[in-house]
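Atoms within each ligand, like the ligands themselves, are counted from 1 in listed order. Since the structure is predicted, the reported quantities are computational estimates derived from the model, not experimental observations.
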Amino acid sequence: MSVQTHNITLIPGDGIGREVTTATRKIIEASGVKINWDICEAGAEVFKKGLATGVPQETIDSILKNKIVLKGPLETPVGFGEKSANVTLRKMFETYGNIRPIKEMPGVATPYHGRGIDFVIVRENIEDLYAGIEHMQTPGVAQCLKLISRKGCEKIVRLAFEFARSEGRKTVHCATKANIMKLSEGLLKRTFEEVSKEYPDIQAHHIIVDNAAHQLVKKPEQFDVIVTTNMNGDILSDLGSALIGGLGFAPGANIGDDFAIFEAVHGSAPKYAGQNNINPTAVLLSGVMMLRYLGEFNAAEMIENALAITLDQDRVLTRDVVGDRGAASTTTFTDAIIKNLGKKYPRSKVRDFKPLKLPKVDHRPDMVRPSQCQVDGVDIFIETNQPVDVVGKNLESLANATLFQFKILSCRGVKVYPNPSLKDPDVVDHLCARFTAKDATDAAILDLLQKIGVNYKWVHIEKLNAYDGKPAYSKTHGED
Ligand code: NAD
């Protein structure tokens, strides 16, 4: 055990949060690790006081000072408070990597028990659809922007490989939907293929995310580390927690360059708050991840052994595992783990844990610099309820008086004019007109927009960029 005292910000949180963090704190302290806990507020009570972020300045100051947080779940209240305080904390402290281990628990019966499930999902935590950038483009059509950056991909891929090395794991799968979203999800796949060459000691495979879901149910023991985008990772990790006995057993860590926030996957389960009957294991195992992050490897292993003995040999099990009859209370379960500290669980699989080496990624905003950029044209989205033939013909003739050529009209990604694949396409009030030009200038685009604006309400535009001579935009379904 190290003689060092660690300074940690502890956010008990809402609902069952106080019970699960108290149990975790007691067990960590009993393991002999010295921690100076700075107990801070965030979540429901803070929203009620009228602070829209749910995270007070004193809590932010404590995290800035300590850099490491153990956190209970925070409720996202309906009716007051705009955004989730959980997401605010992850974004504010740039914890770009969400590490979620899924490991079979000794003594916890599930349909998968005995198959040796032990994998980790490394989920990108900041970008993708979860940036929550949404707009109604027309009264009938909503847009959510899926922004994926090369920098974000490189950080999460390197973190996945570094995490694999820190735990002596041998394989990393990258799960994407790059077959459909070739540019956005494809950027993660391409970055993974490049970066994986720097980790020859680890096998690297790409897997399409829907097949990953299928394989996780069919043969979960084949996975070691799965790196994936934010939304895919959220779904796959909840699926994973169900394989090993539910949310009571699913820990997590949010890792950034400078800060780390350790928290369970589960929420505040308000129905069970204050009843002394919930399972504190998920937060306890998040605490174990925190101990390894702090270099306290012996204490981490000691707690894992005590937990395994409590579950498998002593059969002290909480309500979520055995139902109401014969269930141990949260405090009884906690005391049983403390009593077992120092004992060795005979079937424990000892990994070769090493300190996690945080990846260093180029910090320049423009870390990708093509040597040649040009604009091949523009997509202009308009709100209209006119028949597509009328819109198509109008835009075709309108383009004659500009530097652009009208190419096609599409609706939700499918060509509807000219010669649509479907005879009578089902359209909505939102059409996209594609115009091409040789190296389109901003002035030419503004001229085109002005001309379109006389007869149509344009709602959105996208430049058709080409980098180093390659189109950096997708074709429409049905486009030549
Ligand atoms: P939840 O995870 O709180 O609870 C769902 C169910 O899972 C519970 O009813 C319970 O049956 C079970 N469960 C969860 N944790 C358990 C534990 N430790 N022991 C035993 N059983 C457990 O999900 P929810 O009900 O959808 O969300 C409740 C609140 O939590 C919401 O306000 C939500 O926004 C918030 N939330 C917070 C986080 C976080 O803080 N990271 C994550 C998810 C949800």
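Considering every non-hydrogen atom in both T110 and I244, the closest pair reads CG2-C, 3.7 Å. Scanning all heavy atoms of the two residues, the minimum distance from A131 to K91 falls at CA-NZ, 3.8 Å.
Between T76 and ligand 1, at least one N/O pair is under 3.5 Å apart. Geometrically, ligand 1 and V265 share no nitrogen or oxygen pair separated by less than 3.5 Å. For a threshold of 3.5 Å applied to N or O pairs, the pair formed by N86 and ligand 1 contains at least one separation below that value. The shortest N or O to N or O distance between P73 and ligand 1 is not below 3.5 Å.
The salt bridge (Lys or Arg N to Asp or Glu O under 4.0 Å) test with E301 singles out one residue from R351, K343, K344, and that residue is K344. If you run side-chain contact (heavy atoms from CB on, under 4.5 Å) between I68 and each of L294, N7, I63, only L294 comes through.
Residue E19 places every heavy atom at 4.0 Å or more from ligand 1.
Counting protein heavy atoms only, atom 17 (C) of ligand 1 is closest to N279 O, 3.7 Å. Of all protein heavy atoms, the one closest to atom 9 (O) of ligand 1 is Y272 CE1, 3.6 Å.
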Problem - Verdict with supporting geometry, N232 and E185, side-chain hydrogen bond (donor to acceptor under 3.5 Å, both in side chains) - result: CA-CA 10 Å; N232 292 337; E185 292 271 320; 3.2 Å; yes
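In this structure, the side chain of S196 engages the main chain of F192 through a donor-acceptor pair within 3.5 Å.
Closest to atom 29 (C) of ligand 1 by heavy atom, among S268, G246, G267, is S268. For atom 15 (N) of ligand 1, the nearest non-hydrogen atom from the set H266, R90, K271 comes from H266.
Residues E162 and Y199 have side chains that bring a donor and an acceptor to within less than 3.5 angstrom of each other.
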